[in-house]
Engineer: 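My questions will all concern the structure given below.
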Amino acid sequence: MPSSPPARARFAPSPTGRFHIGGARTALYDYLLAHQTGGQFILRIEDTDQKRFDPNAERELMDSLRWLGIEWDEGPDVGGPCAPYRQSERKAIYQRHASELVKRGHAYPCFCSSDRLAQMRQEQQKRKQSPRYDGTCRDLAPSAAQARIDAGEPHVVRFKTPRDGQTTAVDLIRGPITVENVNLDDYILLKSDGLALYHLAAMADDREMRITHVLRSAEWLPTFPLHVLIYQALEWPQPVWVHLSVFLNPSGKGKMSKRHAAEAKGGVASIFPLDMRDEGYLPEAVVNWLALMGWSYDDHTELFPMNDLVDKFSLDKLTPSPAAVNFTKLDHFNGLYIRGLSDADLARRVQPFFAQAGLKTDPARLEQIAPLIRERIRTLQESVEIAGFFFRDDVRPADELLPGKGLSPAQAAVAARRALQIIEASAVFDDALEASLRSLAEELGLSAGEVFGLLRLAVTGQPVSPPLLESMRIIGKPTVQARIADVAARLESLAA
RNA sequence: GCCCCCAUUGUCUAGUGGCCUAGGACGUGGCCCUCUCAAGGCCAAAACGGGGGUUCGAAACCCCCUGGGGGCACCA
């Protein structure tokens with residue numbers, strides 16, 4: 001891999017709602033780029049919109065990123081050389097740049113009220129025109145404008161977009177994008193309360209924070225030329241621009257949404273990393289899955305733990321086309337990573353899910369169980385369903401499950417009694433016991449599966465479980481005997 | 001309505017003019033293994049949206065169409 005100069009990449013979310021996988025993937029790419037080049041990954045909070053501010057959002061986004069293993073080098077909580085890292089605390093910086101723009105003749109104060117603007121927009125749309133600022137304040141004499149400002153008249157600052165010519169903006173994965181300047185608007189840079197809008201704030205911060213690569217959502221493509229124009233007006237060198245395509249719903253129809261994603265998987269899929277954590281997905285699986293939605297390495301490798309990702313990631317292998325999220329593929333990766341866990345690690349990770357279900361576990365027993373469930377669970381959560389019986393003492397198969405598949409009550413009762421005798425006579429639950437049980441089945445004219453199935457029901461309470469002998473060994477002889485005896489008695493009264 | 005982006009199996013993708021009879025993965029179907037369920041192994045079906053060019057040769061380059069997506073706020 002050719003070594004590149006250290007990159008400074010920033011992830012700049014706005015804390016306005018729950019944190020979803022779209023943001024996580026952008027942050028992941030930022031992180032990979034920074035780590036690969038020995039640069040920095042910066043977290044910046046874009047909270048200039050006080051109206052949409054959600055006090056819980058910042059916490060969730062930080063928790064999500066940390067859970068995924070995407071740690072930042074500079075940010076609001078860890079500080080850094082370019083602090084502060086919250087836009088609401090950087091107001092003065094934006095005002096300075098706005099004044100500079102006005103001074104250079106690239107921006108102007110605008111006194112039009114939002115009411116008038118809204119009305120204007122409505123009329124334009126009625127006439128099937130593009131909604132655009134009509135330029136009322138664009139050519140006000142600077143002295144006249146200053147007089148109105150001095151008089152305390154509320155105003156915003158707008159960018160003075162050229163009326164003719166065209167602007168070319170270069171995106172790394174899409175190449176040059178050229179637009180006619182008439183199709184751009186005189187966008188507002190500074191609100192009447194003095195706070196900056198994204199267009200100014202993000203540009204100023206990226207400049208001040210010496211960002212070398214801007215990775216952001218493709219939703220910014222329409223205003224990309226404006227951003228380039230702002231850089232040009234201030235004579236700033238441009239960063240590398242990379243617009244990441246949005247995620248689509250699993251159906252491929254429309255931008256990914258919470259509701260549509262959930263519907264696609266029977267109402268259980270979530271697009272939020274923290275929900276994934278609670279459902280029993282491993283962060284390494286989510287990262288691997290996310291990395292591959294929009295990036296690839298070669299024509300066959302798909303297993304990429306974080307350290308490989310740092311090593312192999314490259315911007316030129318990013319795809320420009322939008323990707324539909326595929327939750328079944330996440331399940332696949334989760335299974336893959338679960339199977340790669342050691343007994344101790346699996347036991348440790350699964351423990352909270354048992355606790356959540358109200359089951360008391362102990363580490364030693366969980367570690368015994370780990371090899372039995374590792375290949376049978378897609379999520380950590382599923383371990384409770386498949387192995388909860390190891391920790392319950394009220395294990396009893398439901399009435400409708402008895403007498404067991406393919407058996408009459410009388411047959412089942414006899415089989416249970418005979419099996420109980422064999423088990424009582426066994427010092428250890430080994431291969432010899434299995435062989436005895438098999439010959440019992442043969443003697444009774446039953447299949448081994450029928451006998452094992454019946455015992456499985458008695459011992460685990462469920463028709464599907466980890467392998468029977470191994471499970472019995474962990475549960476212990478006294479409990480196994482008690483459970484089989486109980487079922488035998490129920491079967492006998494059923495047969496009577 | 002206007003502007004912008006995108007286009008290979010159901011989905012994620014490989015493909016940078018001849019290595020393509022289009023590769024890998026998920027999912028799907030079948031078989032094997034098997035005490036259930038998994039896991040694992042093997043096999044199979046499944047794609048270059050359409051039309052024009054350019055070229056000795058196009059999945060790849062250009063144009064048009066179509067389809068899909070995004071955007072048009074004193075949100076980000």
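Convention: sequence-line order gives letters A, B, ...; per-chain numbering from 1.
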Engineer: If I take atom NZ in residue A:K253 and atom C1' in nucleotide B:G70, what distance separates them, rounded to the nearest angstrom?
Structural biologist: 15 Å
Engineer: What is the separation between atom CZ on A:F327 and atom C1' on B:C12, rounded to the nearest whole Å?
Structural biologist: 13 Å
Engineer: Looking at B:C74, B:A39, B:U11, which one has an atom nearest to any side-chain atom of A:I188?
Structural biologist: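 Nearest listed nucleotide: B:C74.
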Engineer: If the condition is ring pair (Phe, Tyr, Trp, His ring centres under 6.0 Å), which residues does A:F224 pass it with, not counting sequence neighbours?
Structural biologist: A:W241, A:H243
Engineer: Between A:R116 and A:D134, does any NZ, NE, NH1 or NH2 come within less than 4.0 Å of an OD or OE carboxylate oxygen?
Structural biologist: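 A salt bridge links A:D134 with A:R116.
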Engineer: Looking only at side-chain atoms of A:F452, point me to the closest of B:C35, B:C6, B:C4.
Structural biologist: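 Nearest listed nucleotide: B:C35.
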Engineer: Which nucleotide, B:C35, B:C74, B:C12, lies nearest any side-chain atom of A:A324?
Structural biologist: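 Looking only at heavy atoms from C-beta outward on A:A324, the closest nucleotide is B:C12.
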Engineer: May I have the distance from A:L440 (atom CG) to B:C35 (atom P), rounded to whole angstrom?
Structural biologist: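 That distance rounds to 16 Å.
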Engineer: Under 3.5 Å, is there any donor-acceptor pair linking the side chain of A:S245 to the base of B:C6?
Structural biologist: no
Engineer: Between B:C35, B:A76, B:C74, spot the one nearest the side chain of A:E46, thanks.
Structural biologist: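 From the listed options, B:A76 comes nearest.
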Engineer: Pick the closest RNA chain B nucleotide for A:D185 and for A:R25 by heavy atoms, then say which residue is nearer the 5' end.
Structural biologist: A:R25
Engineer: Determine the Euclidean distance between corresponding C1' atoms of B:C74 and B:U16; express it in Å to zero decimal places.
Structural biologist: 46 Å
Engineer: For A:K191 and B:C75, is the shortest distance between a side-chain N/O and OP1 or OP2 below 4.0 Å?
Structural biologist: yes
Engineer: Salt bridge or not between A:R438 and A:E434? Use side-chain N to carboxylate O under 4.0 Å.
Structural biologist: yes
Engineer: If you take the centroid of each ring, where Trp contributes its six-membered ring, are A:F327 and A:W289 closer together than 6.0 Å?
Structural biologist: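 Yes, they do, as the ring centres are separated by less than 6.0 Å.
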Engineer: In whole angstrom, what separates A:R52's CZ from B:C75's C1'?
Structural biologist: 4 Å
Engineer: From the options B:C5, B:C75, B:C2, select the nucleotide whose nearest atom is closest to the side chain of A:I177.
Structural biologist: B:C5
Engineer: Expressed as a whole number of Å, how far does the C1' atom of B:C65 sit from that of B:G24?
Structural biologist: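 Straight-line distance between the two C1' atoms is 33 Å.
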Engineer: What's the closest nucleotide to the A:T328 side chain, out of B:A73, B:U13, B:C26?
Structural biologist: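 When the side chain of A:T328 is considered, B:C26 is the closest of B:A73, B:U13, B:C26.
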Engineer: In whole Å, what separates the C1' atom of B:A45 from that of B:C63?
Structural biologist: 36 Å
Engineer: From B:U11, B:A76, B:G40, pick the nucleotide closest to the side chain of A:R339?
Structural biologist: B:G40
Engineer: So, under a plain 3.5 Å distance rule, would you say the side chain of A:E219 forms a donor-acceptor pair with the base of B:G70?
Structural biologist: no
Engineer: Is it true that A:R339 and A:E375 have a side-chain N and a carboxylate O under 4.0 angstrom from each other?
Structural biologist: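 No, A:R339 and A:E375 are not salt-bridged.
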Engineer: To the nearest Å, give me how far apart CD (A:E302) and C1' (B:U11) are.
Structural biologist: 12 Å
Engineer: From CZ of A:F304 over to C1' of B:G24, roughly how many Å is that when rounded to an integer?
Structural biologist: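 Answer to the nearest Å: 11 Å.
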Engineer: Tell me what A:G335 touches on the nucleic acid: a base, only sugar-phosphate, or nothing, going by heavy atoms under 4.0 Å.
Structural biologist: nothing
Engineer: Would you call A:R158 and A:D185 a salt bridge, taking side-chain N to carboxylate O under 4.0 Å as the test?
Structural biologist: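 The answer is no: the pair does not qualify as a salt bridge.
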Engineer: Taking the side chain of A:E470 as heavy atoms from C-beta outward, which of B:A76, B:C4, B:C35 is closest to it?
Structural biologist: B:C35
Engineer: Roughly, in whole Å, what's the span from CZ in A:R121 to P in B:G1?
Structural biologist: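 After rounding, the reported distance stands at 20 Å.
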Engineer: Taking only the side-chain heavy atoms of A:P322 (C-beta and beyond), determine which of B:C4, B:U36, B:C6 contains the nearest atom.
Structural biologist: B:C6
Engineer: Could you check whether A:E279 pairs with A:R378 (Lys NZ or Arg NE/NH1/NH2 to Asp/Glu carboxylate O, under 4.0 Å)?
Structural biologist: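 Here A:E279 does not pair with A:R378 in a salt bridge, since their nearest N and O are not under 4.0 Å apart.
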Engineer: What's A:T319 touching, base or sugar-phosphate or nothing? Going by heavy atoms closer than 4.0 Å.
Structural biologist: sugar-phosphate
Engineer: Separation of A:D206 atom CG from B:A76 atom C1', in whole Å?
Structural biologist: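 In whole Å, B:A76 C1' and A:D206 CG are 14 Å from each other.
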Engineer: Using a 4.0 Å heavy-atom cut-off across all strands, classify A:P250 as base, sugar-phosphate, or nothing.
Structural biologist: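 The residue A:P250 makes no contact with any strand.
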Engineer: Should the side chain of A:R174 and the base of B:C5 be counted as holding a donor-acceptor pair, with the cut-off at 3.5 Å?
Structural biologist: no
Engineer: Which nucleotide, B:G70, B:C74, B:A14, lies nearest any side-chain atom of A:P222?
Structural biologist: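 Nearest to the side-chain atoms of A:P222, counting from C-beta on, is B:G70.
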